[in-house]
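Before any comments, here is the structure.
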Amino acid sequence: MSTDIIPISRPLFALVDVNNFYVSCERAFNPDLVNQPVVVLSNNDGCAVARSNEVKALGVKMGTPWFQLKELAKQHGIVALSSNYTLYGDMSNRVMTILRDFSPHVEVYSIDECFLGLQGLGSLWPIPTGIGQTIRHRIRQWTTLPVCVGFGTTKTLAKLANHIAKKQPSFNGVCDLSTMPHEQFEAWLSTIEVGEVWGVGRQLSLHLNAAGIKTVQALRATPPAWLRAKFGVVMERLGYELRGISCLALEELSAPKKQIISSRSFGQLIDSLTELSESVASFTSSAAERLRRQNSVCNAIQVFIQTNPFREQDKQYSNCMTVPLPNASSDTRLLVRAALFGPKRIYRPGYAYKKAGVILTGIDSAAVHQESLFTLHGAGNRSAKLMSVLDQLNQRYGRETVAIFSVSKNKPWMMQQKNRTPCYTTNWQDVPIAYAH
DNA sequence: TCTGGGGTCCTAGGACCC
DNA sequence: TCTGGGGTCCTAGGACCC
């Protein structure tokens, strides 16, 4: 069979990935950075979250704290830049827009990665590497960004192909595993460590290695049923995907988020409740903005605070609390007001806080599989009932002793002296601080 | 002394991704 | 001195139901 015609029925995926994305974005607007060793730093200039090839060649790992790099930076003239996420988001949109010209089936996987579904487009793009080079050329020309393209009959294989395209200069940025002769295919897989496979992280690598599975080829040769028995359904799926049986579909419609997190490490340690509350208010309002953008409502906010775990000499403390909203809402003022009960309850004086954040949960009730205390639909009955239960309890035991922390169908409440998260209470004002400990 | 089985709902925690 | 900020999915196990 000729390899340059793709049968209509055959699934084919492409993964397009921008090289060193944040660094490449910075270079687009400052050509002096080209060919220079460059890193982009995280919030507070804490860690290197993007590295140019020159920096990678120096052995700098992703996420290395900047203070550990300063000496190396001085030696090699590494340029360090603070991150500019507005810029990166804008550049990302431009790339995705260009990619939509190549296929109607697009899954934006992350800020710098995109899957294209090419099934049925064989007559339009008979040779995958051809479309790959066209994509590279056009994105380079229109945005200056360098990309690599990988093709495979499953998403996992397309990811792997992209990895090969990046590492092996001979591929010129485009690798097609779908038409590669079998011996060559196996040969490549045998050179790649199992940890490079999408979905195999540090822990799984260790366990796979212990079982004698060290290369991608070895993983591919392992019977999926055995993988399932030993590692679970996720690894089984990976096994099939590596064998060219597609288990992961293209997700063209981005589903609304099931939780929205807003959190930050502080540049300086914070010890006052006032400052903590201000941060929590600002986190909540930015999370609420994202909530409204996806047309969701939220019925519980988790607030968390913690000290700096890296300072082992300090007294450590971390705590969190889930604050319910009886009526689900996306109104910033309501959400902030509710969220502010969190720090009030869990704050302990005498600690130096390093990080805080909020998590909006119970959002988009149709998509949430676990039921929260107050759901948007039918909130009336249930929360009214709960309120009355709580009132009775409060009368009976006194307001000092009762908080509702767990609710299910046939067990409407439980008393809890010392709460664990999530702590649900319908009467924030009156639950004494001690119970939030 | 004997001490079910199948199902649901919920949570905590672990692992992974970029 | 200085150590990111988002997310997802899966599993085990407890509580509860009939």
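The sequence lines fix the lettering, A, B, ..., with proteins before strands; numbering per chain opens at 1. Every heavy atom of this structure was used, including side-chain atoms; hydrogens, water molecules and symmetry mates were not.
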Canonical and wobble pairing (Watson-Crick, G-U, under 3.5 Å) of DNA chain B, dot-bracket with |: ....||||||||||||||

Separation of B/dC18 P from A/Tyr85 OH (nearest whole Å): 16 Å

Sugar-phosphate only, base, or nothing, as touched by A/Gln259 at under 4.0 Å among non-hydrogen atoms: base

A/Tyr109: ring pair (Phe, Tyr, Trp, His ring centres under 6.0 Å) partners, not counting sequence neighbours: A/Phe115, A/Trp198

Close side-chain approach of A/Ile346 to A/Phe304, heavy-atom, < 4.5 Å: no

Sugar-phosphate only, base, or nothing, as touched by A/Asp112 at under 4.0 Å among non-hydrogen atoms: sugar-phosphate

A/Lys56, NZ: over 12 other non-hydrogen atoms inside 6.0 angstrom: yes

Of residues 209-247 of chain A, the positions that come close to DNA chain B - non-hydrogen atoms, cut-off under 4.0 Å: none

Residues from residues 143-167 of chain A lying under 4.0 Å of DNA chain C - heavy atoms: none

Sugar-phosphate, base or nothing in reach of A/Ile260, heavy atoms under 4.0 Å: sugar-phosphate

Heavy-atom neighbours of A/Asn209 CG exceed 12 at 6.0 Å: yes

Any A/Ser265 side-chain N or O less than 4.0 Å from OP1/OP2 of C/dG4: yes

Sugar-phosphate only, base, or nothing, as touched by A/Leu204 at under 4.0 Å among non-hydrogen atoms: sugar-phosphate

Most 5' of A/Ala255 and A/Lys355 on DNA chain C, judged by nearest nucleotide: A/Lys355

Nearest-nucleotide comparison on DNA chain C, the residue closer to the 5′ end among A/Gly63 and A/Arg290: A/Gly63

A/Trp198 side chain, from C-beta outward: closest of C/dT1, B/dC17, C/dG6: B/dC17

Polar side-chain atom of A/Thr64 near backbone of A/Ala48 as donor-acceptor pair, under 3.5 Å: no

Phosphate OP1/OP2 of C/dC2: any A/Arg311 side-chain N/O under 4.0 Å: yes

Enclosure of A/Gln68 CD (heavy-atom neighbours >12, cutoff 6.0 Å): yes

Sugar-phosphate only, base, or nothing, as touched by A/Ser262 at under 4.0 Å among non-hydrogen atoms: sugar-phosphate

Exceeds 12 heavy-atom contacts within 6.0 angstrom, atom CZ of A/Arg333: no

Minimum-distance nucleotide to A/Phe67 side chain [options: C/dC2, C/dG4, C/dG6]: C/dC2

Ring-face cation of A/Lys70 near A/Phe67 (centre distance under 6.0 Å, axis angle within 45°): no

Rounded distance (Å) that lies between atom P of C/dC2 and atom CD of A/Glu312: 13 Å

Separation of atom CD in A/Gln302 from atom P in C/dG7, rounded to whole Å: 13 Å

Touch class at under 4.0 angstrom, heavy-atom based, for A/Val197 against every strand present: sugar-phosphate

Nucleotide nearest A/Ser263 when distance is taken to its side chain, options B/dA15, C/dG6, B/dC18: C/dG6

A/Glu312 atom CD: more than 12 heavy-atom contacts under 6.0 Å: no

Whole-Å distance separating the CD atom of A/Glu251 from the P atom of C/dG7: 16 Å

For A/Lys166, all residues meeting side chain to side chain donor-acceptor pair (under 3.5 Å), sequence neighbours excluded: A/Asp17

A/Lys258 vs C/dC9: side-chain N/O to OP1/OP2 distance below 4.0 Å: yes

Separation of C/dG7 C1' from A/Tyr109 OH (nearest whole Å): 10 Å

Whole angstrom value for the distance that separates C1' of C/dG4 from CD1 of A/Ile111: 14 Å

Flag for A/Thr332-A/Arg292: side-chain donor and acceptor within less than 3.5 Å: yes

A/Lys355 vs A/Ser263 side-chain heavy atoms within contact, under 4.5 Å: yes

Protein-nucleotide distance (A/Phe21, atom CZ; C/dG5, atom P), rounded to Å: 19 Å

Integer angstrom distance from the P of C/dG14 to that of B/dG4: 16 Å

Value in whole Å for how far the C1' atom of C/dG5 lies from CZ of A/Phe283: 11 Å

Sequence neighbours excluded - ring-ring contact (aromatic ring centres under 6.0 Å, His included) pairs with any residue from residues 82-105 of chain A: A/Tyr22-A/Tyr85, A/Tyr22-A/Tyr88, A/Tyr85-A/Tyr88, A/Phe102-A/Trp125

